[in-house]
Amino acid sequence: MTIPTKTYLLIILFQIFLFGKKTNAQDCTLPQAQKVLHSKNLSVNILNGGDLFWDRSDAYFQTNPDDPTPVSSIFNAGIWIGAFTGLPDNPILKVAATTYNSPTSNDYSAGPLSDIGTVQFDTCSNYDKLWEVYGSEIKNHIEDFAEDGIINNPQANIYQYPGYGNPHFLTFNGFELPEDRQEFAPYYDNNTDGLYNPDQGDYPLPSSVHKDHYPGHMIWGVFNDAGKNHTLSGGDVLRVEIQLTAWAFSCNDNQILNNSIFTSHKIINWALDPLDSMYVGMFVDFDLGCYTDDYVGCIPDLNTFYSYNSDEIDGTNGSACNGGVSTFASDPPVQAVTYLNQNMSSFTTTAPAGTTASLNNFPAGYFNLLSGSWYDGVPLTAGGNGYNSGAQPTSFIFPDNPNDPNGWSMTTESIADGDFRALSSVHLDEMSYTSVETIDMAYTFYQDETLNNLETVDLVYLNTPEVQQIYDSKFEMACDHLYLPNENLESSTIEIFPNPTSDILNVKMEITSSANFSIFDIYGKRVFEKTEVNQNEIQLSTSSFSSGVYFIKMEMEGKELVKKFIKL
């Protein structure tokens with residue numbers, strides 16, 4: 001994919017208008033709210049200032065949070081947005097970005113915007129917080145309401161949640177929700193009246209998750225780019241509101257979900273003028289333990305980019321790292337990031353490998369990176385480090401599997417290892433006044449002690465389609481605890497083999513009374529059912545099944561057990 005001519009011309013035009021009028025903004029401060037989001041195997045820090053996965057000092061994407069010396073795979077990340085207004089006669093570039101936010105260098109403020117794209121200081125102060133809820137609280141809430149249609153034991157996190165119309169919000173939070181803002185914190189509307197009321201059985205829920213498969217932990221916050229002048233990017237304000245939902249799961253047997261964090265950035269344009277040639281990107285400073293020996297790459301067909309170790313030992317000297325940073329030693333992982341509902345339009349590093357170029361307060365440079373060129377406007381090109389005069393333009397650097405000796409990767413180019421910062425983007429083109437766009441992403445961690453640094457990359461190619469399938473199914477049948485309302489059978493009660501299978505699936509079980517069996521596909525559709533089974537071993541033919549992931553559910557004596565298998 002090449003850079004659109006229209007966009008490249010706009011970048012050139014922008015140089016003329018670079019020091020055009022600056023939009024005045026309220027003097028809001030850098031948001032301080034932080035909460036730690038937990039999956040079964042990950043603990044990551046969520047912030048409300050556009051940045052993610054750090055504590056404003058150190059990395060906080062912990063992959064072994066229970067270890068005395070946890071190791072992180074990402075130092076930090078953040079959302080970038082760029083677009084033009086005033087086209088075609090008076091083009092003005094609007095940019096908001098985050099790299100390493102500080103009180104004197106940041107573009108985002110807390111809180112929602114008004115219907116004319118403004119925000120008051122009190123709003124920024126009130127919304128400098130994050131709301132969270134745990135799956136156990138949702139489960140208790142559902143069961144409480146189901147008993148008699150009345151909530152007898154209110155869950156505070158559910159009652160203080162900023163769902164539109166929440167009658168308890170003021171009592172719990174001390175300030176009012178915005179009026180006429182139905183596009184606010186997502187929830188399950190039990191009686192479909194368009195209002196969030198936990199007394200009626202409503203509860204927080206990410207928009208892309210099925211009501212019966214709520215996550216183990218969820219965090220929500222809202223921020224904007226109009227609360228202050230942009231002291232990081234130097235760009236003019238766009239007047240966009242960004243609502244962030246982050247969630248994670250704790251599953252019995254789904255390691256993909258246990259090693260994943262999901263985010264949703266819902267972007268609302270409150271600028272009266274349309275935002276044209278709009279790009280939204282995710283900046284990620286991958287630090288796989290030690291920050292000095294990382295590589296990056298991308299898989300355009302899977303809308304995924306990732307970081308992997310340049311050699312088989314994570315560290316600067318052996319398994320030791322500069323500054324005493326904890327490392328993965330002889331088990332280097334891969335950290336992948338996937339766009340789930342948008343097509344990735346470009347992937348690059350923020351500077352060509354082997355150069356000393358760095359970001360500065362120059363908004364056109366941020367937009368150039370967002371739109372698929374280098375910071376100075378030179379197109380990305382195929383081969384080498386991607387910065388090659390006269391070579392074939394491209395939108396994706398290092399797009400091939402590093403295990404392919406004939407592909408283009410940092411490995412095959414023998415790039416000097418280092419601390420690379422990555423940026424990927426999606427092209428939204430135009431957003432009119434009040435229009436909404438959502439960017440949903442998965443951050444998945446891969447590690448296998450039996451695989452080396454390059455072999456682990458194959459796990460990304462193998463498992464990312466399943467991550468996408470799980471998302472597309474609204475997380476149905478993806479995690480045992482989400483859909484098992486009864487007490488579980490012991491895992492040893494049932495054994496299935498071979499797994500994966502190309503046809504016959506053998507099922508061995510400990511039968512104490514008649515059992516029922518069902519098989520579901522990844523989308524939750526029942527594809528097989530057998531009732532009143534009394535023998536301890538049966539054979540099931542899967543020859544009519546399409547290749548993919550399936551779940552077999554056994555029900556016996558009021559208890560249930562689900563196991564996953566793969567049909568080749």
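- Ring centers of Tyr306 and Tyr446: at least 6.0 Å apart, outside the cut-off.
- The closest side-chain heavy-atom distance from Phe61 to Ile261 is below 4.5 Å.
- Side chain of Asn157 to backbone of Val133: no donor-acceptor contact under 3.5 angstrom is found.
- Using a 3.5 Å distance cut-off with no hydrogens or angles, the side chains of Tyr279 and Ser346 do not pair a donor with an acceptor.
- The shortest distance between side-chain heavy atoms of Pro112 and Tyr127 falls below 4.5 Å.
- Taking 4.5 Å as the limit, every side-chain heavy atom of Asp287 sits out of range of all side-chain heavy atoms of Ser72.
- Contact record, Leu177 with Gly165: CD1-N, 4.0 Å, taken as the closest heavy-atom pair.
- Checking side-chain atoms of Ser425 against main-chain N and O of Leu370 turns up a donor-acceptor pair under 3.5 Å.
- Taking the six-membered ring where the residue is Trp, the centroids of Trp220 and Tyr187 are separated by 6.0 Å or more.
- Listed for the Glu137 side chain is a donor-acceptor partner under 3.5 Å among the backbone atoms of Tyr134.
- Checked by atom type and distance alone, the side chain of Gln243 pairs as donor or acceptor with a backbone atom of Glu183 at under 3.5 Å.
- For the pair Leu205/Pro215, a side-chain contact is recorded, criterion being any heavy-atom separation below 4.5 Å from C-beta on.
- By the side-chain contact (heavy atoms from CB on, under 4.5 Å) test, Ser307 pairs with Phe286, Leu288, Asp294, Val296, sequence neighbours left out.
- In this structure the side chain of Phe475 reaches within 4.5 angstrom of the side chain of Trp247, judged on heavy atoms.
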Between Lys228 and Asn106, does a side chain to side chain contact (heavy atoms under 4.5 Å, CB included) hold up when you go through it step by step? CA-CA 9 Å; Lys228 62 186 297 297; Asn106 61 86; 3.2 Å; yes
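- Distance check: Trp80 CH2 to Tyr366 OH gives 5.5 Å after rounding to the nearest 0.5 Å.
- Within the 3.5 Å criterion, the main-chain N or O of Asp225 finds a donor-acceptor partner in the side chain of His230.
- Each of Asp276, Val240, Asp236, Ile81 was compared with Lys94 under the side-chain contact (heavy atoms from CB on, under 4.5 Å) criterion, and only Asp236 meets it.
- Tested against His217 for a side-chain hydrogen bond (donor to acceptor under 3.5 Å, both in side chains), the candidates Lys35, Glu132, His38 yield a single pass: Glu132.
- Closest approach of Ser345 and Ser395 over heavy atoms only: O-CB, 3.4 Å.
- Closest heavy-atom contact between Ser264 and Thr438: OG-CG2, 3.2 Å.
- Side-chain N/O atoms of Glu241 and Trp270 include a donor and acceptor closer than 3.5 Å.
- Side chain of Ser260 to backbone of Thr444: no donor-acceptor contact under 3.5 angstrom is found.
- Annotation: the span from Met282 atom CE to Ile439 atom CD1 amounts to 8.5 Å, rounded to 0.5 Å.
- Closest heavy-atom contact between Val209 and His213: CG1-O, 3.2 Å.
- For Asn45, the side-chain contact (heavy atoms from CB on, under 4.5 Å) criterion is met by Gln34, Val36, Leu47, Asp55, Tyr60, not counting sequence neighbours.
- Proximity of the aromatic rings of Phe53 and Tyr443 is defined here by a centroid distance below 6.0 angstrom, and this criterion is met.
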Please assess Arg56 against Asp51 for the test salt bridge (Lys or Arg N to Asp or Glu O under 4.0 Å), listing each intermediate value before the final yes or no. CA-CA 9 Å; Arg56 300 257 168 85; Asp51 44 352; 2.7 Å; yes
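- Applying the side-chain contact (heavy atoms from CB on, under 4.5 Å) rule to Leu272 yields the partners Tyr433; only residues at least two apart in sequence or on another chain are considered.
- For the side-chain contact (heavy atoms from CB on, under 4.5 Å) test with Phe169, the passing option among Tyr164, Tyr196, Tyr161, Phe175 is Phe175; the others fail.
- With hydrogens and angles left out, the side-chain atoms of Tyr471 and Asp440 include a donor and acceptor closer than 3.5 Å.
- Counting only distance, with no hydrogens or angles, the side chain of Thr245 and the backbone of Pro206 share no donor-acceptor pair below 3.5 Å.
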Does the pair Tyr188 and Tyr214 meet the rule for a ring-ring contact (aromatic ring centres under 6.0 Å, His included), with working shown? CA-CA 10 Å; Tyr188 169 61; Tyr214 46 85; over 10 Å; no
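- Checking side-chain atoms of Asp202 against main-chain N and O of Asn190 turns up a donor-acceptor pair under 3.5 Å.
- In this structure, the side chain of Asn101 does not engage the main chain of Leu30 through any donor-acceptor pair within 3.5 Å.
- Remark: Thr118 OG1 to Leu113 CG distance equals 7.0 Å, nearest 0.5 Å.
- Atom CG of Leu369 is separated from atom CG of Leu423 by 6.0 Å, given to the nearest 0.5 angstrom.
- The structure places CE of Met441 at 9.0 Å from OG1 of Thr304, a figure rounded to the nearest 0.5 Å.
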Check the pair Leu244, Thr263 against side chain to side chain contact (heavy atoms under 4.5 Å, CB included), reporting the backbone distance first and the verdict last. CA-CA 7 Å; Leu244 169 65; Thr263 63; 4.2 Å; yes
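- Distance check, rounded to the nearest 0.5 Å: CG of Asn48 to CD1 of Ile242 gives 10.0 Å.
- Contacts of Pro300 classified as side-chain contact (heavy atoms from CB on, under 4.5 Å), with partners at least two apart in sequence or in another chain: Cys298, Phe396, Pro399.
- In terms of heavy-atom proximity, Thr348 sits nearest to Leu380 at OG1-CD2, 3.5 Å.
- In this structure, Tyr295 has its ring center at least 6.0 angstrom away from the ring center of Phe398.
- For His265, there are no ring-ring contact (aromatic ring centres under 6.0 Å, His included) partners, not counting sequence neighbours.
- Side-chain N or O atoms of Asp107 include one that pairs as donor or acceptor with a backbone N or O of Leu232 at under 3.5 Å.
- The heavy-atom pair separating Ala271 from Leu238 by the smallest distance is CB-O, 3.4 Å.
- When Asn269, Ile267, Asp429 are each tested for a side-chain contact (heavy atoms from CB on, under 4.5 Å) with Met278, only one passes: Ile267.
- Under 3.5 Å, the side chains of Thr338 and Asn303 contain no donor-acceptor pair of N or O atoms.
- For the pair Glu437/Val426, no side-chain contact is recorded, criterion being any heavy-atom separation below 4.5 Å from C-beta on.
- Residues in residues 418-427 take part in these salt bridge (Lys or Arg N to Asp or Glu O under 4.0 Å) pairs, two or more places apart or across chains: Asp285-Arg421, Asp419-Arg421.
- Using bins of under 30°, 30° to 60° and over 60° for the plane-to-plane angle, the ring pair Trp54/Tyr100 lands in the perpendicular bin.
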